[in-house]
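Residue numbers start from 1 in every chain, and the chains themselves are labelled A, B, ... in the order their sequence lines are given, proteins ahead of strands. It should be emphasised that the depicted structure is a prediction, and the values quoted were computed from it without experimental measurement. Keep in mind that the numbers below use all heavy atoms, side chains included, and drop hydrogens, waters and symmetry copies.
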There are 2 protein chains.
Amino acid sequence: MVHLDDIDKKLVALLQDDCKQTTKALSLKLNLSVTAVYERIKKLEKSGVIDKYVALVKKEAIDKSFVAFCHIKLVQHTQEYVMKFEQEVAKLNEVMSCYHISGDYDYLLQVVVEDMEAFREFMVNKLTSINHIGSTHSMFVINEVKHTTAIKV
Amino acid sequence: MVHLDDIDKKLVALLQDDCKQTTKALSLKLNLSVTAVYERIKKLEKSGVIDKYVALVKKEAIDKSFVAFCHIKLVQHTQEYVMKFEQEVAKLNEVMSCYHISGDYDYLLQVVVEDMEAFREFMVNKLTSINHIGSTHSMFVINEVKHTTAIKV
DNA sequence: TTTAAATATAGATTATTATTCTGTTTTAAT
DNA sequence: ATTAAAACAGAATAATAATCTATATTTAAA
């Protein structure tokens, strides 16, 4: 576990909001020299604090505004069934995330598609065609109140 | 809604995986000139397909490995209660996302903290101190099978 | 404490990349 | 076929990243 001082934390917050800003711009916000900021960034990358730099796409702009959460229960929990299910579900483009969770159901999936029809299509032809699924329970997103990729460090 | 051809789609996929690669590197992968790639990227930014460029932080590296999903039911659904709740919950750093959903509960939250103790602290001192919350139901993440920010375009 | 080593910083220099510019080619509509 | 618009390539310029050298600061040991 690496130690981050207050400047590092501020820097990580800035990069989580906009990773394309120049080191010059960052240096002004942090009251540091360009080199100092540069070295700190390299250290954050090397130490694995910063995992990757990505472009975020606006769902609405590409007509993928329908978001659903999907609970899934497996018929059995043998090593083989679990592995197979996890492998298959990870392949599906519509599945943004899949978590093995505690509680009544085994898994929670976040699914992003075009509309309800696309979701139906996804359920029938992709998800439930995976073997070993016992039951599912879907919840549809009415409104996205908050959604961020930025973790407070 | 903007129209994206196959090259645009490939480009968006590349940027969703790594937005720091040079236009030169992208041009080689897309068999285009640097300028052509550059213009396409600018168009994707202007049209809103690309929302922002961010650094993604590895939870494990900053000791925030505990993830929970939290169902919440409000006591009432008056305009005032709903607004107030959504405002307050959006302020909480531990809440990565909050969705208003269909089904038995009103909201689904994704919460990221240090450990179970931090989660308890969060529930007691932050979440349930928001007024108008009726009941909650928490599910803990045992394993993150899949998690991506990249939408297939 | 005092000193040595390691680390962090700043400013200047160089290398790389982004951006702009100009002209050409392709595409689409008339 | 003709024209206008869009997309493209290559060259030139501007901006930024990355490196280098030298100080300053912190850290750890004596």
Side-chain angles (χ1 to χ4, degrees), chain A residues 1-64 148-153, chain B residues 1-64 114 149-153:
Chain A
M1 196 75 43
V2 296
H3 177 258
L4 304 179
D5 66 16
D6 288 347
I7 298 176
D8 286 322
K9 289 176 182 177
K10 182 89 183 292
L11 176 54
V12 170
L14 288 168
L15 291 173
Q16 281 189 112
D17 180 58
D18 176 11
C19 70
K20 281 284 183 87
Q21 52 192 321
T22 63
T23 49
K24 172 78 180 172
L26 292 166
S27 73
L28 292 172
K29 291 173 187 172
L30 298 169
N31 287 104
L32 275 182
S33 72
V34 168
T35 309
V37 172
Y38 180 82
E39 296 294 346
R40 278 171 182 269
I41 293 174
K42 290 300 147 192
K43 189 175 289 182
L44 290 168
E45 292 168 354
K46 297 255 173 60
S47 64
V49 171
I50 293 178
D51 187 28
K52 60 193 310 203
Y53 297 100
V54 303
L56 297 182
V57 166
K58 199 176 287 169
K59 290 193 295 288
E60 294 73 23
I62 56 163
D63 194 28
K64 291 271 178 82
T148 181
T149 55
I151 306 174
K152 180 74 182 304
V153 293
Chain B
M1 196 74 45
V2 295
H3 177 259
L4 304 179
D5 66 17
D6 289 346
I7 298 175
D8 286 322
K9 289 177 182 178
K10 183 86 183 294
L11 177 54
V12 171
L14 288 167
L15 292 173
Q16 282 189 112
D17 180 57
D18 177 11
C19 71
K20 280 286 183 85
Q21 52 193 320
T22 63
T23 48
K24 172 77 180 172
L26 292 166
S27 72
L28 292 172
K29 291 173 187 171
L30 298 169
N31 287 104
L32 274 181
S33 71
V34 168
T35 308
V37 172
Y38 179 83
E39 297 292 348
R40 278 172 182 267
I41 292 174
K42 289 301 147 192
K43 190 176 286 183
L44 290 168
E45 292 169 355
K46 297 255 172 60
S47 64
V49 171
I50 292 177
D51 187 28
K52 60 194 309 203
Y53 298 100
V54 302
L56 297 182
V57 166
K58 199 175 285 167
K59 290 194 296 287
E60 294 74 23
I62 56 163
D63 194 27
K64 292 272 179 81
E114 212 173 320
T149 55
I151 306 173
K152 180 74 185 301
V153 292

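- For NZ of A/K24, the number of neighbouring non-hydrogen atoms (other residues, nucleotides, ligands) closer than 6.0 Å is 12 at most.
- Atom CG of A/L26 is separated from atom P of C/dT9 by 14 Å (rounded to the nearest Å).
- Candidate nucleotides D/dC8, C/dA8, D/dT16 were compared by shortest atom distance to the side chain of A/T22, and D/dT16 ranks first.
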>> Would B/D8 and B/R40 count as a salt bridge (charged side-chain N to carboxylate O under 4.0 Å, His left out) here? Give the steps.
In response: CA-CA 7 Å; B/D8 286 322; B/R40 278 172 182 267; 2.9 Å; yes
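- Checked against C/dA10, D/dA9, C/dA18, the side chain of B/A36 finds its nearest nucleotide in D/dA9.
- Distance CG (B/D5) to P (D/dA6): 15 Å, rounded to an integer number of Å.
- Nearest to the side chain of B/V34, among D/dA17, C/dT9, C/dT19, sits C/dT19.
- Between the CG atom of A/L32 and the P atom of C/dT7 there is a distance of 18 Å, rounded to whole Å.
- Spacing between atom CD of A/E39 and atom P of D/dT23 amounts to 18 Å, rounded to whole angstrom units.
- A straight line from NZ of A/K42 to P of C/dA8 spans 16 Å, rounded to a whole angstrom.
- For B/T35, the side-chain atoms get nearest to C/dC21 when compared with the rest of D/dC8, C/dC21, C/dA10.
- Here the P atom of nucleotide C/dA6 and the NZ atom of A/K43 are 14 Å apart, to the nearest Å.
- Distance A/I7 CD1 to D/dT25 P: 14 Å, rounded to the nearest Å.
- A 6.0 Å sphere centred on CG of B/D5 holds more than 12 heavy atoms belonging to other residues, nucleotides or ligands.
- Salt-bridge formation is not detected for the pair B/K42/B/E39: no Lys NZ or Arg NE/NH1/NH2 atom is positioned less than 4.0 Å from an Asp or Glu carboxylate oxygen.
- Note: CG (A/D8) to C1' (C/dT9) measures 14 Å, nearest angstrom.
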